[in-house]
Amino acid sequence: MTTRWMRLLAVLLALGLVAAACGDSDDDGGGDDAADAAEPADDGGGGDDGGGAAGDVDLAGAELSVWGFSSSEAEDTQLSAVIDGFNAATGAQAQFQPQPEYDAALQAALVAGDPPDVFYVDSGRLPELVDSGALAPVPDGVISDPDDIYGSLREVFTIDGTWYCPPKDFSTLGLVYDPIVLEAAGVEVPTTWEELAAAAEALTTDEQVGLSFGAEFARAGAFLFQAGSNILNETGDEVIIDNGGGLEALTYLDDLFASGAAATPQDIDTGWGGEAFASGASAMTIEGNWIVGFLDTNFPDKEFAVAELPAGPAGPGTFAFTVCYGVAAAADNPDQSWALVEYLTNADGAAAWTSGFQVMPARESVRDGWLGDNPDLEAFVAGAEYAQRFQFPAGVGDIQGVFNEGFQRMIGGEITPEELIDSVVEAGEDLL
């Protein structure tokens with residue numbers, strides 16, 4: 001086995017141990033400047049011809065496989081229908097093949113040198129796949145109107161100035177609240193940290209906590225952004241949680257939990273923020289747009305509304321959870337594969353795929369049409385303008401676990417915010 005493939009095997013084995021995060025994707029760790037994150041890098045990939053590669057590639061009879069994880073039967077059916085449209089338009093024979101054990105299946109296929117033609121790449125796994133040489137960059141001109149894709153989402157899949165894959169959709173975090181409970185308590189929807197703390201306190205009773213969300217970076221990290229901080233800087237080569245903003249955010253959260261106005265879902269006998277909110281154990285929660293499908297299916301009578309996360313001293317902040325369509329560096333049919341990716345991610349494809357679901361189209365031109373069908377979810381879409389990646393560089397992902405463990409100990413009263421920061425800085429310096 002060559003050194004390159006030994007390296008790829010080691011990376012993929014590590015990836016198989018990474019747990020998937022809530023929602024449509026799992027890891028995206030953003031930079032320390034939301035405005036910079038909204039500007040795509042000059043990556044050389046993608047063109048403005050509006051037609052992509054499909055018109056220039058012979059697709060008649062092409063047998064193409066699309067691998068991904070299965071979210072639900074309805075979503076599998078929807079994607080298959082979009083791919084059927086590609087087949088009808090081109091004469092190809094493409095097929096969506098959901099993998100029950102996706103990470104293990106993709107790992108085995110890549111190591112064997114027999115990858116699927118197109119496959120899901122979670123944003124958190126991108127750095128490892130790029131570092132191993134497993135992914136092909138986006139060729140020049142194959143993706144129509146790339147500037148129509150939200151800049152923050154293109155940036156998620158751009159490493160060292162190279163764009164590797166276009167997003168299929170995205171999710172963000174928002175403040176989900178019960179409007180009936182807020183109105184009864186005379187509480188306005190909070191828009192700042194101070195208002196959030198006051199609202200959470202006013203909504204807390206013997207039967208209900210004001211705010212509940214998971215004790216993890218995937219939720220608490222948004223407060224770091226709102227204070228002008230993060231675990232790592234935008235280029236991922238320096239720990240910045242000790243820049244002052246990190247302490248401000250963690251102190252705020254420590255005080256919020258210590259006051260009793262906030263609690264983890266587990267502390268109120270629920271499994272996650274969506275269950276805590278739906279059951280009435282919390283009046284507000286911080287979750288992504290996936291909560292809407294959960295509520296519609298399991299709690300159809302539950303009243304809810306969504307607002308953007310309250311802004312901190314440095315402004316608004318949220319995560320971009322997203323997955324792209326990737327093509328392997330060792331692809332047998334790269335031109336045909338990219339033609340399929342273009343079809344799935346252009347404006348028509350994005351509209352077709354996200355119709356009827358709470359995942360959001362990655363293209364700005366599709367925004368208004370999607371919101372016409374989902375008017376109550378505008379706050380989630382608004383987050384795309386300043387969302388930051390949930391992603392760590394290759395070999396540095398363990399720092400997230402250090403943060404999570406420390407955050408849980410902090411809100412449990414075992415350590416101080418300063419001690420949490422010290423542990424993250426020490427771990428980050430070792431990993432970097």
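Other residues, nucleotides and ligands contribute more than 12 heavy atoms inside 6.0 Å of the CG atom of D237. Within a 6.0 Å sphere centred on CD of E201, other residues, nucleotides and ligands contribute 12 heavy atoms or fewer. Atom CD of E101 sits in a sparse spot, with 12 or fewer heavy atoms from other residues, nucleotides or ligands closer than 6.0 Å.
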Derivation of the side chain to side chain contact (heavy atoms under 4.5 Å, CB included) call for E248 and W193
CA-CA 11 Å; E248 188 171 11; W193 280 8; 4.2 Å; yes

Output, in order, the C-alpha distance, side-chain angles, deciding distance and verdict of side chain to side chain contact (heavy atoms under 4.5 Å, CB included) for V189 and Y177.
CA-CA 8 Å; V189 178; Y177 62 94; 3.4 Å; yes

Going through the distances and angles, do R219 and E287 end up as a salt bridge (charged side-chain N to carboxylate O under 4.0 Å, His left out)?
CA-CA 8 Å; R219 301 295 179 274; E287 280 297 338; 3.0 Å; yes

Applying side chain to side chain contact (heavy atoms under 4.5 Å, CB included) to L432 and L232, what does each step give before you reach the verdict?
CA-CA 10 Å; L432 292 171; L232 302 179; 4.2 Å; yes

Can you list the steps and then say if F223 with L196 is a side chain to side chain contact (heavy atoms under 4.5 Å, CB included)?
CA-CA 12 Å; F223 289 87; L196 178 62; 4.1 Å; yes

Can Y150 and F170 be said to form a ring-ring contact (aromatic ring centres under 6.0 Å, His included), step by step?
CA-CA 10 Å; Y150 288 105; F170 77 105; 5.6 Å; yes

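Going from atom CG of N289 over to atom CZ of F321 covers 10.0 Å, rounded to the nearest 0.5 Å. Put simply, CD1 on I268 and CD on E207 are 12.5 Å apart, with the number rounded to the nearest 0.5 Å. Going from atom CD of E75 over to atom CG of L79 covers 9.5 Å, rounded to the nearest 0.5 Å. Atoms CZ and CD, from R409 and E419 in turn, are 8.0 Å apart once rounded to the nearest 0.5 Å. To the nearest 0.5 Å, the span separating CG on D148 from OG on S365 amounts to 3.5 Å. Rounding to the nearest 0.5 Å gives a distance of 12.5 Å between CZ of F407 and OG of S423.
Defined by atom type and a distance below 3.5 Å, a donor-acceptor pair is present between the side-chain atoms of Y386 and E308. For the residue pair T354 / D169, no side-chain donor-acceptor distance below 3.5 Å is found, with atom types taken as modelled. Using modelled atom types and a 3.5 Å distance limit, the side chains of N346 and S144 yield no donor-acceptor pair. Donor-acceptor pairing under 3.5 Å is lacking for the side chains of D254 and T251. Side-chain contact annotation: W353 with Q78, donor-acceptor N/O pair under 3.5 Å absent. Judged by distance alone, the side chains of E275 and S279 never bring a donor and an acceptor atom under 3.5 Å apart.
In this structure, the side chain of Q99 does not engage the main chain of F69 through any donor-acceptor pair within 3.5 Å. Formation of a donor-acceptor pair under 3.5 Å by the N243 side chain with backbone atoms of G246 is found in this model. Between the D178 side chain and the V181 main chain, a donor and an acceptor come within less than 3.5 Å of each other. Side-chain N or O atoms of E195 include one that pairs as donor or acceptor with a backbone N or O of T191 at under 3.5 Å. D117 places a side-chain N or O within donor-acceptor distance of the main-chain N or O of S65, the cut-off being under 3.5 Å. Side-chain atoms of Q266 come within 3.5 Å of backbone atoms of G271 as a donor-acceptor pair (strictly under, hydrogens ignored). Of the possible polar contacts, none joining the W290 side chain to the V359 backbone as a donor-acceptor pair under 3.5 Å is found. For the pair S152 (side chain) and A384 (backbone), a donor-acceptor distance under 3.5 Å is present. Judged by distance alone, the side chain of T285 and the main-chain N or O of S212 form a donor-acceptor pair under 3.5 Å. No side-chain donor-acceptor contact under 3.5 Å links S282 to the backbone of G210.
Ring-plane geometry between Y120 and F96 is classed as parallel, the angle between the planes falling under 30 degrees on a 0 to 90 degree scale with a further cut at 60.
The heavy-atom pair separating A394 from P127 by the smallest distance is N-CB, 3.7 Å. Among all heavy-atom pairs drawn from W338 and P139, the shortest one is CE2-CD, 3.3 Å. For A222 against T318, the heavy-atom pair with the smallest separation is CB-CA, 4.3 Å. Closest approach of V341 and P166 over heavy atoms only: CG1-CG, 3.5 Å. Here the closest non-hydrogen pair linking E303 and I180 is CG-CD1, 3.4 Å. Shown here for P310 and P190, the closest heavy-atom pair between the two residues is CG-O, 3.8 Å.
Looking at V366 and R363, their side chains come closer than 4.5 Å, going by heavy atoms from C-beta outward. The closest side-chain heavy-atom distance from L135 to V327 is not below 4.5 Å. For the pair L173/L309, a side-chain contact is recorded, criterion being any heavy-atom separation below 4.5 Å from C-beta on. Between M410 and T416, the closest side-chain pair of non-hydrogen atoms is not below 4.5 Å. Looking only at side-chain heavy atoms (C-beta outward), P167 and T345 stay at 4.5 Å or farther from each other. A heavy-atom distance below 4.5 Å is found between the side chains of V82 and L344. Between R154 and D147 the shortest side-chain heavy-atom distance falls below 4.5 Å. Side-chain contact between E405 and Q400 is absent, with no heavy-atom pair separated by less than 4.5 Å.
Taking the six-membered ring wherever Trp is involved, the centroid distance between the rings of F217 and F403 falls below 6.0 Å. Within the 6.0 Å centre-distance limit, the rings of F319 and F225 are counted as a close aromatic pair. The aromatic ring centres of F213 and W272 sit 6.0 Å or more apart.
For the pairing with F277, the side chain to side chain contact (heavy atoms under 4.5 Å, CB included) check across T270, L211, I286, V176 returns one residue only, V176.
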